[in-house]
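What's counted below: heavy atoms across the whole structure, side chains too, no hydrogens, waters or symmetry copies. Convention: sequence-line order gives letters A, B, ...; per-chain numbering from 1. Keep in mind it's a predicted model, so treat the numbers as computed, not measured.
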Protein chains: 2
Amino acid sequence: MHSAQESASRPPARKSFRATQFEAREGAILDVTNQLLAVRGYELMSMDDIAAEVGIAKGSLYKHFASKDALAVAVMLRLLRRTSEALDALPDALPAVAQLRALLEWVLRERLAGGVPHLPSTSAAVREALTRSRDYVDLLIAVSERIGTLIHRAQADGAIDSHYREEFLLYHFYARSCDPTLDFLRESGALSEEDIVEQMTSATFEGLAP
Amino acid sequence: MHSAQESASRPPARKSFRATQFEAREGAILDVTNQLLAVRGYELMSMDDIAAEVGIAKGSLYKHFASKDALAVAVMLRLLRRTSEALDALPDALPAVAQLRALLEWVLRERLAGGVPHLPSTSAAVREALTRSRDYVDLLIAVSERIGTLIHRAQADGAIDSHYREEFLLYHFYARSCDPTLDFLRESGALSEEDIVEQMTSATFEGLAP
DNA sequence: GTCTATAGTCTGATAGAC
DNA sequence: GTCTATCAGACTATAGAC
């Protein structure tokens, strides 16, 4: 389907007004879907809801995305692209473990700002659609390799205990970025957003023991 | 097949054969629902599937449970009851932190044996049904209080860092018991079940740092 | 608007507990 | 032999993808 990516920069008005509108609408659709996906989950999010929330006709939705699956994949792909960019932006000078910590903090802040967690929280349908998306799988592999490298370096540095298996650490790291503790704490209102991020990253890297 | 509740001992045949059959069937329904819930999630699990898998007519399903909601709640309630019993079975002599660790290990092993995670993984519908269930909410509060007490004691003992807020620790503990890392690792096959439990609990209590 | 999926209901037939 | 629970499955109603 049509590009979901960089609606960003606008060089000397190369695009028609129509095309700009089209892209802006696509961005709005992705934003709304992201929000609904985060709040209600895939199965309980209807295409009618999305159209209504964006303020467009349902038919227009299908001009942008061929199916509900494709729309969900586009949202998850956008998130993964942003994550990959955040990974690019990490200062190389930082020790590997500090880079991992910074990445986790970035992801948690994204979620606090209303983003979906990386994993299709629960939906078998979305998971399946993602694994069928070439773009998604390729980028996921690339990102995983880079995180794997950081993990490896952190272990070599002695900053992560080497009794942990690499497979475990990678999955653990993904799971931390999707941890529902964040949602519970946000809903309970007991901690500030800063405290949520601090306690969650601290528990991940230092554990609960003093 | 493991009996759900106590189909076990048969004192002087107090129950009619019919009643016994009825209870056995109810256990089978709960087992099947538990499994489908774990594998496909609430929205993608249909009542027809359940009936077919149990090997009974759909109408009979409704003799046992008034609705799909009620069935899901029954499964989650049974799990919570078992968890409460596991909590009862913890040796009082053990330090609080060791009891928490043992409970987490118990929950993870239950999941490895095919159980649903405690949180209605993703479904807003199930979560809502649970909060409407008096039995569930009451037991959840009771269990949470007991876990809260253990956490408090562990902090007093100096076994859990006291800079962590109690709200955080309780939610964190629940989230660990539902952690998707377990599913990833089981699917990948890279670690044995024992190793999965060990690495996950170790990461929770000692963290990643050596 | 069309079409499929599925929750939930109802019925007549039948097996098997009592 | 009676009676009742269960069966198969048709059926209704509704939601939601497209």
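Between the C1' atom of D/dA17 and the OH atom of A/Tyr42 lies a distance of 9 Å, rounded to the nearest Å. For the pair A/Asp48 CG and D/dA17 P, the interatomic distance rounds to 7 Å; values are reported in whole Å. The interatomic distance linking B/Leu36 (CG) with C/dT6 (P) rounds to 13 Å, in whole Å. Whole-Å rounding puts the A/Leu71 CG to D/dA17 P distance at 11 Å. Rounded to an integer number of Å, the gap from B/Glu23 CD to D/dA5 P is 15 Å. A straight line from CD of B/Glu43 to C1' of D/dA17 spans 15 Å, rounded to a whole angstrom.
Remark: B/Glu85 engages no residue in a salt bridge (Lys or Arg N to Asp or Glu O under 4.0 Å) (not counting sequence neighbours). Taking the salt bridge (Lys or Arg N to Asp or Glu O under 4.0 Å) definition, one finds that A/Asp135 meets it with nothing, sequence neighbours left out. The salt bridge (Lys or Arg N to Asp or Glu O under 4.0 Å) search around A/Asp138 returns A/Arg134, not counting sequence neighbours. Applying the salt bridge (Lys or Arg N to Asp or Glu O under 4.0 Å) criterion to A/Glu53, with sequence neighbours excluded, gives no partner residue.
Taken residue by residue, residues 57-65 of chain B places heavy atoms nearer than 4.0 Å to DNA chain D at B/Ala57, B/Ser60.
A/Ser177 OG to A/His172 NE2: the interatomic distance, rounded to the nearest 0.5 Å, is 11.0 Å.
Applying the ring pair (Phe, Tyr, Trp, His ring centres under 6.0 Å) test to every pair with at least one member in residues 175-200 of chain A, sequence neighbours left out, gives these pairs: A/Phe184-B/Tyr171.
The listed nucleotides are C/dG8, D/dC7, C/dT6; the one nearest the side chain of B/Ser67 is C/dG8. The side chain of A/Lys68 has D/dA17 as its nearest neighbour among D/dA17, D/dC7, C/dA7.
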